Amino acid sequence: MEKINFVVIGYGGMGGYHARELIQEKDGVQVIGVYDIDEKRLEVAKNDNFKTYDTLESVLNDKSVEAVLIATPNDSHKELAIAALKAGKHVVCEKPVMMDTKELEEVIAVAKLEHKTFMVHQNRRWDNDFLIIRDLYETKQIGDLFQIESRVQGANGIPGDWRHMKQHGGGMLLDWGVHLLDQMLFMVDSPVKTVAADLSFVLGDEVDDGFISYLTFGNGVKAIVEVGTTNFVKLPRWYVRGFEGGAVISDWDLSGEIVKQTGIIDHHNLVPIQAGQGLTKTMAPPSEDATTTLPIKEVAADFDNFYHNFYDVVRNNAEPIVKNEEVYRVLRLIEAIFEAAEKQQVIEFE
Ligand code: NAD
């Protein structure tokens, strides 16, 4: 099989990770070089034994380069993607794919015109915690899920430099937000009916240091998607309720619990518990024989890995796992979240 030769554009945190770990020959792809505008990063790439290119033109003029991976600050994705596509290269682009839907429309149009593959690296579709929740959603082990809360919270503020700046597409909604919203839309097979949201500016940056969004879906699912960077105490990564139970996944270590209702709760013979300075039957735990705890088991993705799928899309016309219509919908949702937060209104979405 003829391998797809990649050049990594942007040898920072994520570009380095793609070059050293993600783009693997076993998937039919390989890195043949690196380009970065920063000479110091090129030096690092050389020390990591990569061939380096000094200019974008030299990458684009190199006939042995079949594809590029764009891992630069968000505001540079569009220009780089269009230049690469016009030079006849396939493109893998880091998230958030573009700054807004208008930019993405332009890029998709060029990809179509040039008959080249343009695919976005929504890698968190393969996260174990997400796959477990998606499995609960699909298999209905705790009944139909009707409430899904997805959060990531940290206390280190916004990292780095460009992520603090609006002009570079900074802020947490475009950063972690795009991952969590992509997961939610990939899982819940229903239109998003309404969107409400609030952005956080605790740190005083010009961009959001976090946000909370409330989504209602046509099938009745209500979701909360939240990102925080000033949270010294974290809420669980996932909290979901189904009609026959509930689940918590606390963190990426997959700690948590899945509780399934197995028997009838006897409302008439509930034993009250002491709660603070009072007694309560309502908040007493259900009797032991009414529930069971299910193990949290890793769930394998029922779809191919990212780069192998990319190879298949380019060589065999396979269906991409990350479709451009999907990333477009997520970007549209992000725009609706910005709007809902700014107007402090509930937005009708789909
Ligand atoms: P970074 O600041 O660590 O690295 C960016 C690199 O791009 C730097 O080395 C910089 O010199 C270089 N660069 C800037 N403009 C350039 C240009 N025009 N041409 C060539 N090189 C240029 O940033 P990062 O954290 O690696 O993020 C890069 C991209 O990857 C962002 O879009 C980010 O959202 C995404 N990202 C994705 C994930 C993920 O899990 N999918 C994780 C982190 C970052």
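Hydrogens, waters and symmetry mates are skipped; everything else that's a heavy atom, side chains included, is used. For ligands, and for the atoms within them, numbers begin at 1 and follow the listed sequence. Counting begins at 1 with the first residue of the sequence. All values derive from a computational prediction rather than experimental measurement.
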Checking K95, R124, R125 against D182 for side-chain hydrogen bond (donor to acceptor under 3.5 Å, both in side chains), the one that qualifies is R125

Mode of M98 contact toward ligand 1 - side chain, backbone, both, neither (heavy atoms, under 4.0 Å)
neither

What atoms in ligand 1 come closer than 4.0 Å to a heavy atom of H77?
32 (O)

4.0 Å heavy-atom contact, Q122 with ligand 1
no

Polar contacts were defined as any N/O atom of the residue lying under 3.5 Å from an N/O atom of the ligand; does this apply to S76 and ligand 1?
no

Can you find a side-chain donor-acceptor pair between E226 and S150 that sits under 3.5 Å?
no

Is there a donor-acceptor pair closer than 3.5 Å between any side-chain N or O of D253 and the backbone N or O of S255?
yes

Start with the C-alpha gap between N309 and D312, add the side-chain angles, then the distance that decides, and say whether side-chain hydrogen bond (donor to acceptor under 3.5 Å, both in side chains) holds.
CA-CA 5 Å; N309 175 242; D312 253 357; 5.7 Å; no

Describe, in one word, how the ring planes of F186 and F303 are oriented to each other, choosing from parallel (under 30°), tilted (30 to 60°) and perpendicular (over 60°).
perpendicular

Give the residue and atom name of whichever protein heavy atom lies nearest to atom 14 (C) of ligand 1, and the separation in Å to one decimal.
P73 CD, 3.3 Å

What protein heavy atom sits nearest atom 35 (C) of ligand 1, and how far away is it?
K95 O, 3.5 Å

Regarding D189 and Y137, do their side chains bring together a donor and an acceptor under 3.5 Å, going by distance alone?
yes

Atoms of ligand 1, numbered as shown, that sit under 4.0 Å from any heavy atom of D38:
11 (O)

Enumerate the atoms of ligand 1 whose separation from the nearest heavy atom of H179 is less than 4.0 angstrom.
39 (C), 40 (O), 41 (N)

Would you mind telling me if ligand 1 is within reach of the side chain of N123, the backbone, both or neither, using heavy atoms under 4.0 Å?
side chain

Assess, by modelled atom type and distance only, whether the side chains of T292 and T262 contain a donor and an acceptor separated by less than 3.5 Å.
no

How close does the nearest protein non-hydrogen atom get to atom 7 (O) of ligand 1, and which residue and atom is it?
G10 CA, 3.6 Å

Checking a contact table here: which protein heavy atom is nearest atom 30 (O) of ligand 1, and how many Å away?
E94 CG, 3.4 Å

I37, L56, L42: member with heavy atom nearest to atom 20 (C) of ligand 1:
I37

Judged by heavy atoms only, the candidate from A71, A45, G160 nearest atom 5 (C) of ligand 1 is A71

Quick one: nearest non-hydrogen protein atom to atom 3 (O) of ligand 1, plus distance?
G13 N, 2.9 Å

Check the side chains of W238 and D129 for a donor-acceptor pair under 3.5 angstrom, ignoring hydrogens and angles.
yes

Give the single entry among W162, Y35, Y11 that approaches atom 23 (O) of ligand 1 most closely by any heavy atom.
W162

Return the orientation label for the Y11 and F50 ring planes: parallel under 30°, perpendicular over 60°, tilted otherwise.
perpendicular

If you measure every N or O of D161 against every N or O of ligand 1, does any of those distances drop under 3.5 Å?
no

Aromatic plane relationship, Y307 with F310 - under 30° parallel, 30 to 60° tilted, over 60° perpendicular:
perpendicular

For N74, atoms of ligand 1 separated by under 4.0 Å from a heavy atom
31 (C), 32 (O), 33 (C), 34 (O)

heavy-atom search around atom 4 (O) of ligand 1 in the protein gives G12 CA, 3.3 Å

E105 and Y328: side chain donor to acceptor below 3.5 Å:
yes

Side chains of Q30 and N5: is there a donor and an acceptor less than 3.5 Å apart?
yes

For P96, the ligand 1 atoms whose distance to one of its heavy atoms is below 4.0 Å:
34 (O)

Is there a nitrogen or oxygen of L80 sitting under 3.5 Å from a nitrogen or oxygen of ligand 1?
no

Measure the distance from atom 10 (C) of ligand 1 to every protein heavy atom, then report the residue, atom name and distance (to 0.1 Å) of the closest one.
D36 OD1, 3.5 Å

Just do the side-chain hydrogen bond (donor to acceptor under 3.5 Å, both in side chains) check on H18 and E94 with the steps written out, would you?
CA-CA 10 Å; H18 277 275; E94 260 306 338; 2.6 Å; yes

Does E79 have a heavy atom less than 4.0 Å from any atom of ligand 1?
no

How far is atom 29 (C) of ligand 1 from the closest protein heavy atom, and which atom is that?
T72 O, 3.4 Å

Is it true that the side chains of S250 and R237 contain a donor and an acceptor less than 3.5 Å apart?
no

N or O contact, I9 vs ligand 1, cut-off under 3.5 Å:
no

